[in-house]
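What follows is a single structure, written as structure tokens, with notes after it.
Letters A, B, ... are given to chains in the order of the sequence lines, protein chains preceding strands, and every chain is numbered from 1.
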Protein chains: 2
Amino acid sequence: MHTLTGPAKRRALLEELASRHVRLTAQRRLLLGIIQEAERHLDAAALLAAAQAHDPRVNRATVYRTLALLKKLALIDELDLMHLEGEKHFYEAKRQSDHMHLACFRCGKILEYSSPTFERLKAEIAERSHFAISVTRLEIGGLCADCRAAGRDAAATKGGDGLKEQRANARAGL
Amino acid sequence: MHTLTGPAKRRALLEELASRHVRLTAQRRLLLGIIQEAERHLDAAALLAAAQAHDPRVNRATVYRTLALLKKLALIDELDLMHLEGEKHFYEAKRQSDHMHLACFRCGKILEYSSPTFERLKAEIAERSHFAISVTRLEIGGLCADCRAAGRDAAATKGGDGLKEQRANARAGL
DNA sequence: CTGATTGCAAAGAATTTGCACTGCT
DNA sequence: AGCAGTGCAAATTCTTTGCAATCAG
């Protein structure tokens, strides 16, 4: 997961934009680079912060506009990650094969998973519903292996309360 | 799709809440009923409007709090429907088997689709990643059968621009 | 009774927009 | 040169919260 090839990948994105005759401003180069080198899923605020570390003049609006552009050009995917921590969106550069995201409600960890079965499912859907698929988003919420074990232990004593669980409880007024 | 059994289903939800010792206020009964009888996916605003049609005193906050409660109790699923029209969430009563949502970027139509392949995929994920799945959300964006055809026609003349496409274009400043 | 639930209105988080200015190509 | 892109700050959209009043069990 997050197998980054570094410069190679980065150039690919830049070239992709250039070949599509998209203007390459300093801001876009910077943002593209950050998105591609990212070791974790970035939200708009994190991307903005990272960009401003290099050049404080990069503006929030530019970040949102650039993300919208890249999404429209199908170069990045937008994720909700099960709204584990608020309603913000996360972004990642598109890769060869789609993958799904497993979000742990307890520790907040995000696991990635890809499978031929998913590809088969998509093909099946396309064929049977005559739908031309352009984006897929498969997000799964639950407990990761570690937290399943930890949860069993904690349940014996106090009753484990994780990230998402806390938020949900608060909202439901529990 | 949207095969509603009416009263039967409604009672089921009420009883489910009662059996869990959840207080059944007039507001909750009303909201539950609306959610279960709904013929389409409801967002918080639509749910509020529908509720207020019966009783104008139902408050926005109560709607959000009730949705949070039902989500926490795993009685409803929250959907993003590919953010086709803003960032609001949609809700639907949970059913026996999970299904995915196909969102048409052009006409905004939402199709539902369920498949044993999806069930197999979930089983595979659970087994291989040792993840305890509690919620899944599979959303697919693209063009529905009708719009694929319409798009081909329109492309010949003006170049079809649909709901989501318009918003995306606007955001990307195109 | 008594704590859970509600209404209200104000606050909050995330994102978008209008407009004047800047900078690619 | 000329239009796409940007910064800025205000506006929007959707959702949450604090607190006093109300209600279910």
For nucleotides 22-25 of chain D, list the nitrogen or oxygen atoms of the protein found under 3.5 Å from its nitrogen or oxygen atoms, one pair per line.
from	atom 1	to	atom 2	distance (Å)
dA24(D)	N3	R23(B)	NH1	3.3
dG25(D)	OP1	L24(B)	N	3.3

**Prompt:** With sequence neighbours excluded, what pairs up with H101(B) under the ring-ring contact (aromatic ring centres under 6.0 Å, His included) test?
**Reply:** H41(B), H99(B)
**Complete:** The salt bridge (charged side-chain N to carboxylate O under 4.0 Å, His left out) partners of R57(B) (sequence neighbours excluded) come to D55(B)
Whole angstrom is fine here: how far is it from [atom1] in [X] over to [atom2] in [N]?
X      : N       : atom1 : atom2 : value
D55(B) : dT6(C)  : CG    : P     : 12 Å
L30(B) : dT6(C)  : CG    : P     : 11 Å
L47(A) : dT15(C) : CG    : P     : 11 Å
L69(A) : dC24(C) : CG    : P     : 16 Å

**Request:** Applying side chain to side chain contact (heavy atoms under 4.5 Å, CB included), name anything that partners A51(B), two or more places apart in sequence or on another chain.
**Result:** L30(B), L31(B), I34(B), V58(B)
**Asked** Looking only at side-chain N and O atoms, does Y64(A) come under 4.0 Å of OP1 or OP2 in dT16(C)?
**Response** no
**Asked** Using rotation axes that map the C1' atoms of four end pairs onto the next four (five pairs an end), what angle separates the end axes of the helix from dC1(C)-dG25(D) to dT25(C)-dA1(D), to 10°?
**Response** 50°
**Request:** Report which part of the nucleic acid H21(B) touches: base, sugar-phosphate, or nothing (heavy-atom distance under 4.0 Å, all strands).
**Result:** nothing
Give every pair of a protein N or O atom and an N or O atom of nucleotides 7-10 of chain C that lie under 3.5 Å apart, one pair per line with the distance.
from	atom 1	to	atom 2	distance (Å)
dG7(C)	OP1	Q27(B)	NE2	3.1
dG7(C)	OP1	R57(B)	O	2.7
dG7(C)	OP2	N59(B)	N	3.1
dG7(C)	OP2	T62(B)	OG1	2.3
dG7(C)	N7	R65(B)	NH2	2.8
dG7(C)	O6	R65(B)	NH2	3.3

**Item:** Salt bridge R137(B)-D77(B), side-chain N to carboxylate O under 4.0 Å
**Value:** no
**Prompt:** Less than 4.0 Å between a side-chain N and a carboxylate O, is that true for R20(B) and E16(B)?
**Reply:** yes
